[in-house]
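Keep in mind that the numbers below use all heavy atoms, side chains included, and drop hydrogens, waters and symmetry copies. All residue numbers in this chain count up from 1 along the given sequence.
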Amino acid sequence: DGSPGELRECPQLSLSVRQTSRLETLMTAMDSKMKKQVRIQEVQELIAKFGEKYLTEDLTSYCYKIWDELGRKRTIDITRGQKDIWASAVVLVIARLNFLFDKKNNKNYISMDSVYEYFGTKRGAVGLRAAEIEKACKISIGHEGLCSQSISDELTFVELPNGMVLTKAMAKKAGII
């Protein structure tokens, strides 16, 4: 009775099976959120390092924007898979949207191979993840906010009241919008 080392039951601290189950669920949810936050931070750091070496400030900010959006999605589990593949895929999506793989017409040209080599990833895995990102975020060519304004304007169409269809860039140049 009350001697050191003796285990005693404490009714105030005992948990029912239901309470234990709820506690385990809560702990798992907290663990999942922590994993997600850690992954968000890890991939942001990888993107930042790549951006310093190869991208402009704007392009890097587009990468962050996609990654932040993915972090808020419930339909996609960013804790699954390798962080290098996630970072590489985010960069690939932004590079495609901004035509960075076009050697002739882009002062910010980077090769696909430089992306894969930098992150130590393979084309197939990154391509699949990039397609998954584009689908989850409903990204299309000229996506407003993920590419330069000039690219977005050239690839966005507006219909005038008379039924004529122009690119947004043409409409701006003509003073219509």
Side-chain angles (χ1 to χ4, degrees), residues 36-37 39-119 121-177:
K36 195 171 193 177
Q37 289 306 314
R39 177 54 58 97
I40 287 170
Q41 188 62 40
E42 289 172 338
V43 173
Q44 278 181 338
E45 288 170 8
L46 290 172
I47 290 169
K49 288 176 185 171
F50 182 86
E52 286 173 14
K53 188 169 182 177
Y54 292 102
L55 303 175
T56 65
E57 210 172 291
D58 285 341
L59 293 168
T60 304
S61 73
Y62 300 149
C63 290
Y64 290 147
K65 192 172 183 178
I66 285 181
W67 186 241
D68 288 341
E69 187 176 337
L70 283 170
R72 291 189 306 271
K73 293 269 181 202
R74 292 180 184 196
T75 57
I76 197 163
D77 183 5
I78 62 170
T79 61
R80 209 179 80 241
Q82 297 173 17
K83 61 187 174 191
D84 296 326
I85 291 176
W86 279 109
S88 188
V90 167
V91 169
L92 190 74
V93 168
I94 291 301
R96 284 180 189 165
L97 288 173
N98 288 279
F99 301 98
L100 299 185
F101 300 132
D102 182 5
K103 206 180 246 186
K104 293 178 187 172
N105 301 318
N106 202 318
K107 66 181 187 284
N108 298 317
Y109 169 79
I110 57 173
S111 71
M112 278 186 160
D113 290 334
S114 65
V115 175
Y116 303 134
E117 286 172 20
Y118 182 87
F119 291 107
T121 54
K122 299 207 183 300
R123 178 184 295 262
V126 174
L128 289 172
R129 192 65 81 190
E132 185 181 351
I133 291 169
E134 289 171 346
K135 184 178 178 185
C137 297
K138 297 180 178 122
I139 296 171
S140 60
I141 293 293
H143 195 100
E144 195 96 19
L146 296 179
C147 56
S148 69
Q149 191 63 48
S150 61
I151 290 173
S152 185
D153 286 352
E154 288 292 333
L155 298 170
T156 303
F157 294 94
V158 293
E159 185 176 355
L160 303 178
N162 65 2
M164 190 172 166
V165 177
L166 301 170
T167 65
K168 197 172 182 181
M170 291 173 76
K172 280 182 177 180
K173 190 175 180 182
I176 298 168
I177 58 169

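Applying the side-chain contact (heavy atoms from CB on, under 4.5 Å) test to Gln82 and every residue at least two apart in sequence or in another chain returns Ile85. Applying the ring-ring contact (aromatic ring centres under 6.0 Å, His included) test to Tyr116 and every residue at least two apart in sequence or in another chain returns nothing. Here Ser114 pairs with Tyr54, Ile110, Ser111 under the side-chain contact (heavy atoms from CB on, under 4.5 Å) rule; sequence neighbours left out. Partners of Thr79 under the side chain to side chain donor-acceptor pair (under 3.5 Å) rule, at least two apart in sequence or in another chain, are Asp77. The side-chain contact (heavy atoms from CB on, under 4.5 Å) test applied to Gln41 returns Gln44, Glu45, not counting sequence neighbours. Evaluation of the salt bridge (Lys or Arg N to Asp or Glu O under 4.0 Å) rule for Arg80 yields Glu132 as partners, not counting sequence neighbours. Under the salt bridge (Lys or Arg N to Asp or Glu O under 4.0 Å) criterion, Lys73 pairs with Glu69, not counting sequence neighbours.
The minimum heavy-atom distance between Phe101 and Tyr109, with the atom names listed, is O-CE1, 3.5 Å. In plain terms, the two heavy atoms of Ala87 and Leu46 that are nearest each other are CB-CB, 3.8 Å. Residues Val115 and Phe50 come closest through the heavy atom pair CG2-CZ, 3.9 Å. Nearest heavy atom pair, residue Ile47 against residue Cys63, reads CG2-CB, 3.6 Å.
Inter-residue side-chain proximity for Leu70 and Val43 is flagged as unmet; no heavy-atom pair is nearer than 4.5 Å. Residues Asn108 and Leu55 form no side-chain contact, since every pair of their non-hydrogen atoms from C-beta on lies 4.5 Å or further apart.
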Tell me which donor-acceptor pairs under 3.5 Å the side chains of residues 88-98 have, and how far apart each pair is, sequence neighbours excluded?
| from | atom 1 | to | atom 2 | distance (Å) |
| --- | --- | --- | --- | --- |
| Ser88 | OG | Thr121 | OG1 | 3.2 |
| Arg96 | NH1 | Glu134 | OE1 | 3.4 |
| Arg96 | NH1 | Glu134 | OE2 | 3.1 |
| Asn98 | OD1 | Ser148 | N | 3.1 |
| Asn98 | ND2 | Ile94 | O | 3.0 |
| Asn98 | ND2 | Leu146 | O | 3.1 |

Donor-acceptor pairs are to be reported for all side-chain atoms of residues 168-177 against protein atoms at under 3.5 Å, with residues two or more places apart or in another chain.
| from | atom 1 | to | atom 2 | distance (Å) |
| --- | --- | --- | --- | --- |
| Lys172 | NZ | Asp153 | OD2 | 2.8 |

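We find the CD1-CD1 distance between Ile133 and Ile76 to be 6.5 Å, quoted to the nearest 0.5 Å. Thr156 contributes atom OG1, which lies 8.0 Å from atom CD of Gln149 (distance to the nearest 0.5 angstrom).
Contacts classified as salt bridge (Lys or Arg N to Asp or Glu O under 4.0 Å) and involving residues 102-115 (residues at least two apart or in different chains) are given here: Asp113-Arg123. The stretch residues 49-60 participates, sequence neighbours left out, in no salt bridge (Lys or Arg N to Asp or Glu O under 4.0 Å) pair at all. Sorted by first and then second residue, the pairs that involve residues 59-95 and meet ring pair (Phe, Tyr, Trp, His ring centres under 6.0 Å), not counting sequence neighbours, are Trp67-Trp86.
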